[in-house]
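Down below is the structure, laid out as structure tokens.
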Amino acid sequence: MPELPEVEVSRLGISPHLIGQRIQAIMVRQVQLRWPIPGEVQYAVGREIRDVRRRAKYLLIDTDVGSLILHLGMSGSLRVVDIDTPVQKHDHVDIQLHNGKCLRFNDPRRFGACLWQAAGETPIELLERLGPEPLTDAFDGRRLYELSRNKTLAVKNFIMDNQIVVGVGNIYASESLFMAGVDPRKAAGKVTKGAYEKLAAAIKQVLAHAIQQGGTTLKDFTQADGNPGYFAQELQVYGRAGEPCRVCENPVQSLTIGQRNSFYCKKCQR
DNA sequence: ATTGACTCCTGATGGC
DNA sequence: TGCCATCAGGAGTCAA
């Protein structure tokens, strides 16, 4: 389930193969992803790829006339392969290049997306309302503190809100709350300034570390060159229900917060 | 306005 | 071994 680090690692992996290449064709085998793939993606055909960027968990493949927007959902992966490589199940989109390679998008659960952003037009709504990138200075504890006043929703849900900060998925929400010693159930408005500063620092640290590790993978992440991703880095609480806390050895708790599985240590997190 | 529930989809998992 | 039910999960959308 790609979280921001996996998307960033994918970007790093694919961009050297794409930048400077001309798109020869875009083959869509399955139109029905998160949203139907719009016909406008064909505007990219014949254009040279100028850059491959990331915004939140969206990848943007830039051409002069616009950008292809890819989202990996929770089971999507990208690989750069030869155009004649036999397709596998769930290989939904090929972005074929003039050099005989193609970027192949595979997504079993089809929660991913492939969209089009025309150059010079107002950003599509998906990208318009996003909060700051977690690894920039625009995101800090003060922002969390100020935006959370009077909010009653659980702090875990708060930090997973893309308008507050992007790229904090279910796994890293649990991990960063553990690292900061904050109870995930606590009302966002009741969390202190100091705790938010710890939390913001923890989010930055845990994401940066995961990117450095090549992305955490729990199940089916495949690196852009086709090699299997690294196995999960040493997760502190996620998926460890009943196992001893790595700090205090009390059993890790699990519960559902906002329809999401959450893990925490009731002794270390208050 | 805020918050929580529901939704898309398929593979993995567990029970019998 | 096989079959079925259940669940996970990003994030947009809907409902209260």
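Naming convention: chains lettered A, B, ... in sequence-line order (proteins, then strands); numbering from 1 in each chain.
- Every residue two or more places apart in sequence or in another chain was checked for a side-chain hydrogen bond (donor to acceptor under 3.5 Å, both in side chains) with A:R260, and none qualifies.
- Put simply, CD on A:Q88 is 15 Å from C1' on B:dG11, counting in whole angstrom units.
- Under the ring-ring contact (aromatic ring centres under 6.0 Å, His included) criterion, A:F105 pairs with no residue, sequence neighbours left out.
- Proximity of A:T152 to the phosphate of B:dT3: a side-chain N or O atom is located under 4.0 Å from OP1 or OP2.
- Residue A:K151 places none of its side-chain N or O atoms closer than 4.0 Å to OP1 or OP2 of B:dA1.
- Residue A:R110 has its side chain nearest to B:dC9 when only C:dG9, B:dC9, C:dG12 are considered.
- When the shell of 6.0 Å around CZ of A:R142 is examined, it contains 12 or fewer heavy atoms from other residues, nucleotides or ligands.
- Scanning for side chain to side chain contact (heavy atoms under 4.5 Å, CB included) contacts around A:K204 gives A:L135, A:F139, with sequence neighbours left out.
- Atom CZ of A:R109 is separated from atom P of C:dA11 by 15 Å (rounded to the nearest Å).
- With hydrogens and angles left out, the side-chain atoms of A:S75 and A:D107 include a donor and acceptor closer than 3.5 Å.
- In this structure, the helix from B:dT2-C:dA16 to B:dC16-C:dG2 shows an angle of 50° between the axis at its start and the axis at its end, each fitted on 5 base pairs and rounded to 10°.
- A:Y172 has no side-chain polar atom (N or O) that falls below the 4.0 Å cut-off from OP1 or OP2 of C:dG9.
- Stacking is not found between A:F111 and the pyrimidine-like six-membered ring of the C:dA11 base under the 5.5 Å centre-distance and 30° plane-angle cut-offs.
- Distance, A:L72 CG to B:dC8 C1': 17 Å, rounded to whole Å.
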Residues 152-164 of chain A, side-chain donor-acceptor partners within the protein, below 3.5 Å, at least two apart:
residue: A:K156; atom: NZ; partner: A:N170; partner atom: OD1; Å: 2.6
residue: A:K156; atom: NZ; partner: A:S262; partner atom: OG; Å: 2.9
residue: A:D161; atom: OD1; partner: A:Q163; partner atom: N; Å: 2.8

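- Taking atom CH2 on A:W35 and atom C1' on C:dA11, their separation rounds to 7 Å, with Å as the unit.
- No contact: A:F158 has no heavy atom under 4.0 Å from any strand.
- Checking the phosphate oxygens (OP1, OP2) of C:dG10, no side-chain nitrogen or oxygen of A:K57 falls inside 4.0 Å.
- The pair A:D94-A:R104 meets the salt-bridge criterion, with a side-chain N (NZ, NE, NH1 or NH2) lying under 4.0 Å from an Asp/Glu carboxylate O.
- Atom pair A:L130:CG and C:dG12:C1' shows a separation of 12 Å (rounding to whole Å applied).
- For B:dC9, neither phosphate oxygen OP1 nor OP2 lies less than 4.0 angstrom from any side-chain nitrogen or oxygen of A:H90.
- No contact: A:D107 has no heavy atom under 4.0 Å from any strand.
- Closest approach to the A:M74 side chain among C:dA11, C:dG9, B:dT3 is made by C:dG9 (side chain taken as heavy atoms from C-beta onward).
- In this structure, A:M160 places its CE atom 15 Å from C1' of B:dT3, rounding to the nearest Å.
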Review item, nucleotides 5-7 of chain B N/O atoms under 3.5 Å of protein N/O:
residue: B:dA5; atom: OP2; partner: A:Q259; partner atom: NE2; Å: 2.6

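- Around atom CZ of A:R149, more than 12 heavy atoms belonging to other residues, nucleotides or ligands sit under 6.0 Å away.
- OP1 or OP2 of C:dA11 lies within a sub-4.0 Å distance of a side-chain N or O belonging to A:H71.
- Side-chain contact check for A:Q269 and A:D183: no donor-acceptor pair (N or O, by modelled atom type) lies under 3.5 Å.
- When only modelled atom types and interatomic distance are considered, A:R185 and A:Y264 share a side-chain donor-acceptor pair under 3.5 Å.
- Taking atom CD1 of A:I164 as the reference point, atom C1' of B:dT2 lies 12 Å away to the nearest angstrom.
- Atom CG in A:N261 sits about 18 Å away from atom P in C:dT6, given to the nearest Å.
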